[in-house]
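Step one of this worksheet: look at the structure below.
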Amino acid sequence: MTAPLDLLDLDPSLTDEERQIRDVVRQLLDDRVRPHVADWYEDGRVPARELAREFGKLGLLGMHLTGYGCAGASAVAYGLACQELEAADSGVRSLVSVQGSLAMFAIWRYGNEEQKQHWLPSMATGEAIGCFGLTEPDHGSDPASMATRARRDGDDWVLTGGKMWITNAPIADVAVIWARTDEGVRGFLVPMDTPGVTAREIRRKMSLRASVTGEIVLDDVRLPADARLPEAIGLKAPLSCLTEARYGIVWGSVGAARDCLETTLAYATTRTQFGRPLAGFQLTQAKLADMAVELVKGQLLALHLGRLADAHRLRPEQVSVGKLNNVREALAIARQCRTILGANGVSGEYPVMRHANNLESVLTYEGTSEIHQLVVGQRLTGLSAFA
Ligand SMILES: Cc1cc2nc3c(=O)[nH]c(=O)nc-3n(C[C@H](O)[C@H](O)[C@H](O)COP(=O)(O)OP(=O)(O)OC[C@H]3O[C@@H](n4cnc5c(N)ncnc54)[C@H](O)[C@@H]3O)c2cc1C
């Protein structure tokens, strides 16, 4: 942490091990991601498989899971890693979140021993890539109405339907697909080379360009009986995976905000107008102070939720509080930082507008802000406003 931004002296509240993990992750990103990410973003191409293997070597994939080659790190350590990853780029953090918190967590939590042994060790090293298919073209915030079907045919399952906006789908080896059966929603492990599965990359994204996103079409995909995740019963299974990933976003989003603010502080202290640094104007200092206050509040919130998670006391609506606040504030910080950089703020030579554009996706995926408001609203009032 750059000292001036650690206004509340949060660093000493971390353990030595947590600080060490954070610093090692930061170094890897400084070496392998930061020098290239602006180009990846501009080109809309990212060497995701190569990155996954490097992240795997460091134990970042499925980092908070235990066994099967996973690192078994604490929730706070995982959060700190997400903060560093997203300080580099939200798309790069998404690669790690989807692999570890969505695909691997689903298998780890709901799979049988054979499924875990088959997939988790190679996913932990980054040799195998996973994706998580819940959203559909016509069903986003309301996954309960999903149209993808899985029907029994003898011992087999046959899946028909489609998933949309699926991170990593075009490069994945396996998809965790959520489908409606006669008994309700169930999860299936679908190897992407199964006949009837096609994945098409979604192009022309103006956000998360350093992340691969795709559509999956399932055309009478025949799977053996043991493709089903046996412990995943009902919609609460995919929702529990989302809670895992949202937790990472609580931390990640403050990473993006921190990078914007660090960049802006450096810029404002060196750029002069009217004979003095931009940082010397009261209006600029008011912006910087307000943003720094929001940043440290977001970091405190993330750390608090992390400590709750490590004490096994974290509830989904608390994760909603964190995701709602931290992404919203990170986006506000990114936009405000952009103003201080003036014309340079719209240039890809600086990371600020890339972060702002990325955060537009982060605001929408893993539950939109409105959905998290409804979750918190339900907790406050006891009334569900969803239906
Ligand atoms: C880059 C990217 C990557 C993604 N990766 C994945 C992935 O890996 N796997 C996956 O399954 N999905 C993924 N998603 C999809 C994402 O989770 C959905 O976009 C999100 O859930 C919102 O769904 P939607 O886009 O269909 O919007 P909609 O559900 O159509 O919502 C549109 C607007 O209406 C609002 N709205 C909806 N319902 C209500 C309500 N009841 N009350 C008030 N407002 C409401 C929403 O908040 C939003 O503002 C990804 C999305 C993006 C952009």
Side-chain angles (χ1 to χ4, degrees), residues 41 44 46 48 86 89-106 129-148 161-172 174-179 185 187-188 190 192 199-218 232 235 237-246 248-249 252-253 256 320 323-324 327-328 331 354-378 381 383-387:
Y41 189 91
V46 58
E86 195 148 352
D89 190 84
S90 305
V92 174
R93 197 267 309 140
S94 297
L95 170 69
V96 172
S97 292
V98 168
Q99 177 86 346
S101 289
L102 290 179
M104 290 175 74
F105 178 78
I129 303 278
C131 66
F132 183 90
L134 182 64
T135 304
E136 301 185 351
D138 296 328
H139 307 278
S141 300
D142 178 21
S145 62
M146 70 175 67
T148 298
K163 298 290 174 179
M164 191 67 182
W165 293 108
I166 307 306
T167 302
N168 294 345
I171 56 159
V174 64
V176 175
I177 294 289
W178 300 95
V185 172
F188 295 87
V190 182
M192 293 299 279
R200 180 185 65 85
E201 184 167 357
I202 296 174
R203 308 290 303 172
R204 299 195 180 162
K205 276 182 303 167
M206 307 307 279
S207 172
L208 280 200
R209 291 179 56 75
S211 168
V212 191
T213 317
E215 174 182 10
I216 300 176
V217 176
L218 304 154
L235 198 61
L239 294 185
S240 73
C241 303
L242 293 179
T243 300
E244 293 289 305
R246 289 165 179 171
I249 293 172
S253 51
S320 285
K323 204 250 176 191
L324 174 62
V327 179
R328 196 163 58 184
L331 184 54
R354 174 166 52 80
H355 283 307
N357 286 354
N358 281 338
L359 287 164
E360 293 288 349
S361 285
V362 181
L363 193 74
T364 286
Y365 72 17
E366 304 288 350
T368 65
S369 291
E370 292 78 9
I371 292 302
H372 290 295
Q373 285 173 319
L374 294 178
V375 171
V376 176
Q378 183 175 7
T381 64
L383 302 170
S384 168
F386 284 82

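Side chains included, hydrogens not; waters and symmetry mates left out as well; all remaining heavy atoms used. When a ligand or atom number is given, it counts from 1 through the structure's own listing order. Residue numbers start at 1 and run along the sequence shown.
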Verdict with supporting geometry, Leu134 and Met146, side chain to side chain contact (heavy atoms under 4.5 Å, CB included)
CA-CA 8 Å; Leu134 182 64; Met146 70 175 67; 3.8 Å; yes
Has the side chain of Thr243 got a donor or acceptor atom that lies under 3.5 Å from a matching backbone atom of Leu239?
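Indeed, once roles are kept as given, a pair shorter than 3.5 Å links the two residues.
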Distance-only side-chain donor-acceptor flag, Tyr365 / Thr167, under 3.5 Å
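No, Thr167 and Tyr365 have no side-chain donor paired with an acceptor closer than 3.5 Å.
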With sequence neighbours left out, the residues meeting salt bridge (Lys or Arg N to Asp or Glu O under 4.0 Å) with Arg204 are none
Give every pair formed by an N or O atom of ligand 1 and a protein N or O atom closer than 3.5 Å, one pair per line with both atom names and the distance to 0.1 Å, or write none.
residue	atom	partner	partner atom	Å
ligand 1	5 (N)	Trp165	O	2.7
ligand 1	5 (N)	Thr167	OG1	2.8
ligand 1	8 (O)	Thr167	N	2.9
ligand 1	8 (O)	Thr167	OG1	3.4
ligand 1	9 (N)	Phe132	O	2.9
ligand 1	11 (O)	Leu134	N	3.0
ligand 1	11 (O)	Thr135	N	2.9
ligand 1	11 (O)	Thr135	OG1	3.1
ligand 1	12 (N)	Thr135	OG1	2.7
ligand 1	14 (N)	Trp165	O	3.1
ligand 1	29 (O)	Ser141	N	2.8
ligand 1	29 (O)	Ser141	OG	2.6
ligand 1	47 (O)	Thr368	OG1	2.6
ligand 1	47 (O)	Glu370	OE1	2.7
ligand 1	49 (O)	Glu370	OE1	3.4

For Phe188, ring pair (Phe, Tyr, Trp, His ring centres under 6.0 Å) partners two or more places apart:
Trp157
Which residue pairs pass the salt bridge (Lys or Arg N to Asp or Glu O under 4.0 Å) test with at least one member in residues 354-367, sequence neighbours excluded?
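Output for this query lists Asp89-Arg354, Arg335-Glu360.
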